[in-house]
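One structure is given below, encoded as structure tokens.
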Amino acid sequence: MKNCISPNPNSKLRSKTKSSKENVPPLSSPSVATAKILSSVAKMKTPLPVPPRPLSSKSSNPLKRKVIMECVHENSVPESPSVTTTKTISSVGKRKCPLPPVPPPSSNFSCNSKGKVIMESVPRFSDSGVQVIVRIRPPNVDADDEIVVEKVSEESLSVLDQTFTFDYVADTSSSQKDVYQLIGAPFVENCLEGFNSSIFTYGQTASGKTYTMWGHSNALLEYNPSGAQHGLAPRVFEQLFSRMSEEEAKQADKQLKYRCRCSFLEIYNEQITDLLDPSQRNLMIREDVKAGVYVENLTEHGVCTMNDVRLLLIKGLANRRTGATNMNAESSRSHCLFTCTVESRYKGISEGLSSCKTSRINLVDLAGSEKQKLTGAAGERLKESGNINRSLSQLGNVINILADVSQTGKQRHIPYRDSRLTFLLQESLGGNARLAMICAISPVQSCKTETVSTLRFAQRAKAIKNKATVNEVTQGDVKVLQEMIHQLKDELLRAKANPAAAGTNGGYTTSSKARRSLSILKMSLNYPLTLPHVDDDGDVEMEIDGESVEKLCTEVENHINEREASESSQGKAFSSSDPITARVNKLMEEADVNMEVCSKAVEKVLAGAIRREMALEEFCAKQTAEISKLDLLVQQYKGERDVLVAEVQHVRNQLGYYVESSSSPLPS
Ligand SMILES: Nc1ncnc2c1ncn2[C@@H]1O[C@H](COP(=O)(O)OP(=O)(O)OP(=O)(O)O)[C@@H](O)[C@H]1O
């Protein structure tokens, strides 16, 4: 794979030292503070341990991301977390009403001796339905709050007396790995098959969306992507790169090659910022028939390894806007979208055709809905909160309408353009993508209203029907196709010059060969006859006269068909006891048929040319006659003119004589 991101030699590790993170402007250049932190990081002997299952406290959240680096040199990333933090890490607290693990009934899942869910096989996304998983986060350690949410089966949960059913319910005992296996593993397979695939995390503020999507704040600093705290994204890319290498090796005969490129953006207060180049703000969404919906001037980075992606994630997440609220000390104040476009190229089913599959992976971490009363948002936070809630409600509206369209079959206008979020995500919402949604909820009484509202949203999302298709384009290899056309033309010429010798010496010696070439040529007529400039292999865009190739194909094929049909009806199969002789005879017969067909085609072409030549000769003769006539007329005219000139001269002479003799002047 090519076009890897190049490591930035100036990159440095950046650590957050404030106890509660304010809405920081996007980072773009290393600061003095960064250098200080770097040196203190370098002095650290033992990396900070990442605790299992950390819980946030209500007033301060020590664990959320954004203790992050600005731009990291590939080789400078430590193998384990080595970032300073001023906060303490809370240990797992006791739950007020511990929920018993419910053994899952489906064959996809089983429980280990500790009652933990283990996936036995990779579930598949459906082509159209949206996969909805609800994840219940553990309650805060110091929260004196009643637990009101209970998982009642693998697919359902209750909130007091209300029951909700989804594709799967991951309770507080579910690990990051469990969630990956439910959603991430099938997601990777989708992508390799050529489907656009999107995962959204949705839910109230502090419900665990960011934790689920990207993992624990320090986890990305670890190289090991399957570490306990890693979120979906690093696990997905680890698996994706491993599967791509596997497939490339398996399909080496088809010259299968993958290429990936990534972008990362956020929508903050309805403005789009490039998280990989934060100087690019207020970017515009454009729509194009060919490219679909895209963000103008958004940077894309080629990636070849999981580590390349990890560095982009670290950089992008460091630039994402966050702010402290009463519910989450490091609350995400923007929606963010990480996109990876995966392109696979391989030689197609026939020589001369190549295929290209393109699929997009969209990882969308939405900002959390929030109630001002609970978050205590004021000032800038309040403005952000208003924008977040507004765009989430527009998302909800689009989802309601899509659900309605899917359920009733009635066509309705989908207001994708009401917000940047829905406009940008329209492919994932009811379009050409497989979609999975992780709805994060908190199990406590104080969040009950928001939890029920999230679950209702999840139910409506479940009703949406997407139209996912494999994005594959087959293209003709111009060089090979041209070679075939040349061979067929040569064959025709040889057949005309010497029918007995044609079919040998590099031509098409069997009808099967000719048929194969013809079928490739015919297939190529149904596909673009140009090859985009992929590698520097000298291919340039060029055109082939499709109409004449098609004619030639049809003619030759008809003849071969007729011939074969008549042979089989007469029982003219291989009758010889010697299979090689029989095969040779058969091939020679086929070559004869081929030549006969070629000769006929040449004759037809020549007859047409002769007809045209004769018509032209006739026309020329007519023209020549006309010209002779005109010549004659010209000669005639010249003669008459000479006579007239002579007469005039004569008259003039006579008049001169008269004037001289009478001495009287004449009028001139
Ligand atoms: N399943 C979980 N297990 C352990 N800790 C969790 C879990 N879910 C969330 N947390 C912790 O809860 C805190 C809040 O989670 P997170 O920041 O992911 O919420 P969020 O939904 O993204 O919030 P916001 O919308 O405000 O950005 C974090 O400290 C996170 O580590």
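Whatever order the structure lists ligands and atoms in, that order sets their numbers, starting from 1. Reckoned from all heavy atoms, side chains included, excluding hydrogens, waters and symmetry mates.
Residue contacts with ligand 1: Ser207 is placed with a nitrogen or oxygen under 3.5 Å of a nitrogen or oxygen of the ligand (distance criterion only). Considering backbone and side-chain N/O atoms, Ala367 never comes within less than 3.5 Å of an N/O atom of ligand 1. Geometrically, ligand 1 and Tyr211 share a nitrogen or oxygen pair separated by less than 3.5 Å.
Using modelled atom types, one finds no donor on one side chain facing an acceptor on the other under 3.5 Å when comparing Gln204 with Ser442. If you check the side chains of Asp277 and Thr299, you find no donor sitting under 3.5 Å from an acceptor. Counting only N and O atoms by type, the side chains of Glu384 and Tyr268 include a donor and acceptor under 3.5 Å apart. Side chains of Thr339 and Asn362: a donor on one and an acceptor on the other come within 3.5 Å.
In this structure, Asp167 pairs ionically with Lys462, as a charged nitrogen and a carboxylate oxygen lie closer than 4.0 Å.
Among the candidates Arg333, Gln271, Arg321, Arg320, the single residue satisfying the side chain to side chain donor-acceptor pair (under 3.5 Å) test with Glu266 is Arg321.
Using 4.0 Å as the threshold, Arg333 has no heavy atom nearer than that to any atom of ligand 1. Between Gly203 and ligand 1 there is no heavy-atom distance shorter than 4.0 Å.
Which of His216, His335, Lys209 comes nearest to atom 25 (O) of ligand 1 through a heavy atom is settled by distance: it is Lys209.
Contact annotation for Pro138 and ligand 1: only side-chain heavy atoms (C-beta onward) come within less than 4.0 Å of the ligand. At a heavy-atom cutoff of 4.0 Å, ligand 1 is contacted by both the backbone and the side chain of Thr210.
Atoms of ligand 1 lying under 4.0 Å from at least one heavy atom of Ser331, given by number and element, are 24 (P), 26 (O), 27 (O). Listed by atom number, the atoms of ligand 1 under 4.0 Å from Gly208 heavy atoms are 8 (N), 9 (C), 15 (O), 16 (P), 18 (O), 19 (O), 20 (P), 21 (O). Listed by number with element, the atoms of ligand 1 under 4.0 angstrom from any heavy atom of Arg137 are 8 (N), 12 (O), 13 (C), 14 (C). Close approach of ligand 1 to Gln204 is summarised as follows: ligand atoms under 4.0 Å from at least one heavy atom of the residue are 21 (O). The distance from ligand 1 to the heavy atoms of Gly368 drops below 4.0 Å at these ligand atoms: 25 (O). Heavy-atom proximity to Ser332, at under 4.0 Å, picks out these atoms of ligand 1: 24 (P), 26 (O), 27 (O).
Between Phe338 and Trp214, the ring planes are perpendicular. Angles over 60° get that label, and only those under 30° would be called parallel. Aromatic ring pairs are classed by plane angle as parallel below 30°, tilted from 30° to 60° and perpendicular above 60°; the pair Phe237 and Phe241 is tilted.
In this structure, Ile388 and Ser369 have side chains that are not in contact, with every pair of non-hydrogen atoms separated by 4.5 Å or more.
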